[in-house]
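What follows is one structure encoded as structure tokens, with my remarks underneath.
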Amino acid sequence: MLTKNKMFFIIKKDLSSLENLLHETVTSPVDLITDIGNHLISSGGKRIRPALYLLATKSNPNLDKDYVMPLAMALEMIHTASLVHDDVLDNAATRRGSATANAKWGNNIAVLTGDYLFAKAFAAIAKNDYGTRISERLATIVCDLSEGEILQNHFGYTIPDSIDIYYERIAKKTANFIATSCEIGAIVAKLSAKEVDALREYGYCIGMAFQIVDDILDLTSDSKKIGKPAGNDILQGVITLPVIHAYKHGENSEELKNIIENRQMSLEELNRAINIVKNSNSIDFARQTVTEFLNRAKNILPDSLPQSVRTSFIEIADFIGSRDY
């Protein structure tokens, strides 16, 4: 959990409170919903989105914690609900090393649980009257997540024509949500329009970097660290930055393309595809791209932020660049 990381020290108590609030939120008169909700919350999520939101709110020391916390909960509920639906679509058996809701309780129950979590999130937003701007931002995020997943599924097992298409997809799947988490934290903290925009751009950049690091780890790490089988993206037809680069600039482009487009690829073919990418300079290219996004993120942080908040945002960017899980 993030409470163990020094970069989140100034929100350590808030993150602990968030865990309690998440468990309270999924408690239902229907015991099965409570069981599934507690299983999902206890499965080791990083809490990146609510943590960034909470950190942004620390720019204003006069905020009421009871007003701030429900929105942190809503962010994590939206994220968790989207993952539950993704796992159903991907027929995933595990996430973060734990059984998925669909694996334990079936697709129908999992989908309905995801719907329940979405509803709990937006009920909290409505109850606490965060205003139309924040409500609109979060509704847009749900649309982006849906669009991103539809694009990923519709164009699976197909290498995009350009890296920009890939960027658009990961923005919808990951970066826009992280950007919005930072942005609404700044809005709640009543920062200036310029500061709000800067924190949104910071969130977008670290979100892009975060996803590209995931892409790299899928090819270079082991299943124990990342909580899913190595090469799972390729197996699922999800085409990531290192694969796109290897196809466009590597020496075995056609062989790689043929493997990628095979929806019944064997384990041997999967390993061959991974090796083709690793033997190119595409992993290094992806790492350089991560560095560029993280430098943009750090450079755009407003000097007007409290020093402890600004330092934490910089440490988060550095952590994303160096993480191995």
Side-chain angles (χ1 to χ4, degrees), residues 22 25-26 36-37 40-41 43 45-53 71-92 95-96 100-102 107 110-126 130 132-156 160 164-185 187 200-201 203-215 218 227-228 232-233 236-241 293 320:
L22 290 171
T25 301
V26 300
I36 298 172
L40 293 169
I41 291 165
S43 65
K46 299 180 182 70
R47 312 291 190 247
I48 288 288
R49 291 151 190 82
L52 289 165
Y53 156 78
L71 192 45
M73 176 276 294
L75 287 167
E76 188 63 19
M77 285 290 101
I78 291 170
H79 176 56
T80 302
S82 71
L83 296 182
V84 171
H85 286 172
D86 286 356
D87 287 340
V88 172
L89 290 171
D90 297 339
N91 197 29
R95 181 178 287 277
R96 306 172 186 135
T100 57
N102 51 293
N107 286 346
V111 169
L112 292 170
T113 300
D115 294 345
Y116 180 84
L117 298 181
F118 276 130
K120 295 292 283 189
F122 281 96
I125 294 164
Y130 290 106
T132 56
R133 184 179 179 187
I134 287 177
S135 297
E136 184 274 333
R137 289 291 191 273
L138 292 177
T140 298
I141 283 304
V142 176
C143 291
D144 279 354
L145 292 171
S146 300
E147 289 169 357
E149 190 66 25
I150 288 169
L151 288 170
Q152 179 174 290
N153 277 268
H154 184 67
F155 293 102
D164 287 342
I165 293 174
Y166 160 82
Y167 285 157
E168 178 185 4
R169 292 177 189 174
I170 68 167
K172 288 182 179 294
K173 289 277 293 179
T174 303
N176 289 349
F177 197 169
I178 292 178
T180 297
S181 299
C182 294
E183 178 187 17
I184 63 176
I187 293 170
R200 178 177 177 83
E201 178 67 12
Y204 171 82
C205 289
I206 67 167
M208 295 294 281
F210 189 92
Q211 184 57 57
I212 297 169
V213 170
D214 268 1
D215 295 352
D218 183 73
K228 60 181 181 179
N232 190 63
D233 286 338
Q236 295 290 332
V238 178
I239 313 305
T240 60
L241 182 60
F293 272 117
I320 288 172

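Values below: all heavy atoms of this structure, side chains included; hydrogens, waters and symmetry mates excluded.
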Handout entry: Heavy-atom closest pair, residues S82 and L145
Key = CB-CD1, 3.8 Å
Exercise for the section: Considering non-hydrogen atoms only, spot the tightest contact between T240 and Y166 and give its length. Expected result: CA-CE1, 3.8 Å
Exercise for the section: Kindly indicate, with the supporting measurements, whether the criterion side chain to side chain contact (heavy atoms under 4.5 Å, CB included) is fulfilled by I141 and R137. Expected result: CA-CA 6 Å; I141 283 304; R137 289 291 191 273; 5.8 Å; no
Problem - R95 bridged to D86 by N-O distance under 4.0 Å - result: no
Fill in the blank from the handout: Closest heavy-atom pair, F210 versus I48, reported as atoms and distance to 0.1 Å, is CE1-CG1, 4.3 Å
Fill in the blank from the handout: Closest non-hydrogen contact found for S181 with L75 is OG-CD2, 3.8 Å
Handout entry: Evaluation steps, side chain to side chain contact (heavy atoms under 4.5 Å, CB included), between M77 and V26
Key = CA-CA 9 Å; M77 285 290 101; V26 300; 4.1 Å; yes
Handout entry: Donor-acceptor contact below 3.5 Å, side chain Y130 vs main chain L71
Key = yes
Problem - Evaluation steps, side chain to side chain contact (heavy atoms under 4.5 Å, CB included), between R200 and Y204 - result: CA-CA 6 Å; R200 178 177 177 83; Y204 171 82; 5.6 Å; no
Exercise for the section: May I have the step-by-step check of salt bridge (charged side-chain N to carboxylate O under 4.0 Å, His left out) for K173 and E149, ending in yes or no? Expected result: CA-CA 7 Å; K173 289 277 293 179; E149 190 66 25; 2.2 Å; yes
Practice task
Enter the distance from F122:CZ to I78:CD1 here, rounded to the nearest 0.5 Å.
Solution key: 4.0 Å
Problem - Distance, nearest 0.5 Å, that separates CD of Q152 from CG of D233 - result: 7.5 Å
Exercise for the section: With rounding to the nearest 0.5 Å, note down the distance linking OG in S146 to CG in L151. Expected result: 11.0 Å
Exercise for the section: Answer yes or no: is there a side-chain heavy-atom contact under 4.5 Å between R47 and I41? Expected result: yes
Practice task
Supply the atom-to-atom distance I36 CD1 to T113 OG1, rounded to the nearest 0.5 angstrom.
Solution key: 3.5 Å
Exercise for the section: Can you measure from CG (L112) to CG (L117) and round to the nearest 0.5 angstrom? Expected result: 11.0 Å
Handout entry: T100 side-chain N/O to D87 backbone N/O, donor-acceptor pair under 3.5 Å
Key = no
Handout entry: Heavy-atom check, side chain of I184 versus side chain of R133, under 4.5 Å
Key = no
Completion exercise
The residue among M208, Q211, R169 that forms side chain to side chain contact (heavy atoms under 4.5 Å, CB included) with T174 is Q211
Practice task
Please work out whether the ring planes of F118 and H85 are parallel, tilted or perpendicular, with thresholds of 30° and 60°.
Solution key: tilted
Practice task
Could you tell me whether a side-chain N or O of N102 sits under 3.5 Å from a main-chain N or O of A92, the two making a donor and an acceptor?
Solution key: yes
Handout entry: Under 3.5 Å: donor-acceptor pair, side chain of D218, backbone of N232
Key = yes
Handout entry: Separation between CE of M73 and OG1 of T25, rounded to the nearest 0.5 Å
Key = 4.0 Å
Exercise for the section: Specify the closest pair of heavy atoms between G203 and I178, including all atoms of both residues, with the distance to one decimal. Expected result: O-CG2, 3.3 Å
Handout entry: Nearest heavy atoms of L52 and C182, plus distance in Å
Key = CB-SG, 3.9 Å
